[in-house]
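Have a look at the structure below before the remarks.
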Amino acid sequence: MTHQSKKYAIGRWCRIGAWATAIFGVAYIVWLLFAIPNIGPSNLSTSFFFSQAVAAVLSTLPPTIFSFFVLYALGAACDHFFGQAPEQPAAPLNADYEIEESAL
């Protein structure tokens with residue numbers, strides 16, 4: 001069976017979206033860390049940079065992690081509920097056998 005219904009791809013796309021969200025969230029955090037020294041005055045102290053970096057990471061990391069887990073769980077749930085039907089046995093049952101009455 002080469003054609004799969006679109007509902008089977010929903011779980012896969014949710015998991016891909018979860019990983020994309022995580023990658024973009026981490027990239028945004030890295031960008032913020034490099035952008036902080038360019039925002040303030042040129043004579044930044046280490047404590048100011050550290051406080052701004054912690055604030056940026058703590059404000060961005062929870063929504064990123066939450067979105068990742070929600071999308072990944074949604075993908076797993078879609079796979080569970082809309083997963084492919086179990087395969088049929090390869091060979092049909094043989095109708096040439098007889099049931100012994102002693103077995104009943």
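Residue numbers run from 1 in the order of the sequence given. Everything numeric in this text was worked out from a predicted model, so none of it was measured.
Here CD1 of Ile10 is found 13.5 Å from CZ of Phe81. Values are rounded to the nearest 0.5 Å. Note that CZ of Phe34 is 12.5 Å distant from CH2 of Trp31, once rounded to the nearest 0.5 Å. For the atom pair CG (Leu71) and CH2 (Trp13), the distance works out to 13.0 Å, reported to the nearest 0.5 Å.
Under the 4.5 Å side-chain criterion, counting only non-hydrogen atoms from C-beta, Phe50 is in contact with Val54. Side-chain contact between Ile29 and Leu61 is present, with at least one heavy-atom pair separated by less than 4.5 Å.
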Between Phe24 and Tyr28, does a ring-ring contact (aromatic ring centres under 6.0 Å, His included) hold up when you go through it step by step? CA-CA 6 Å; Phe24 285 123; Tyr28 181 69; over 10 Å; no
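Minimum interatomic distance between Leu33 and Ala53 (heavy atoms only, all atoms of both residues): CD2-CB, 3.4 Å. Closest approach of Ala56 and Ser59 over heavy atoms only: O-OG, 3.0 Å. Nearest approach of Ala22 to Phe68, heavy atoms of both residues: CB-CD1, 3.9 Å.
The stretch residues 15-32 participates, sequence neighbours left out, in these salt bridge (charged side-chain N to carboxylate O under 4.0 Å, His left out) pairs: Arg15-Asp79.
In terms of modelled atom types and a separation under 3.5 Å, the side chain of Thr60 and the main chain of Val57 share no donor-acceptor contact.
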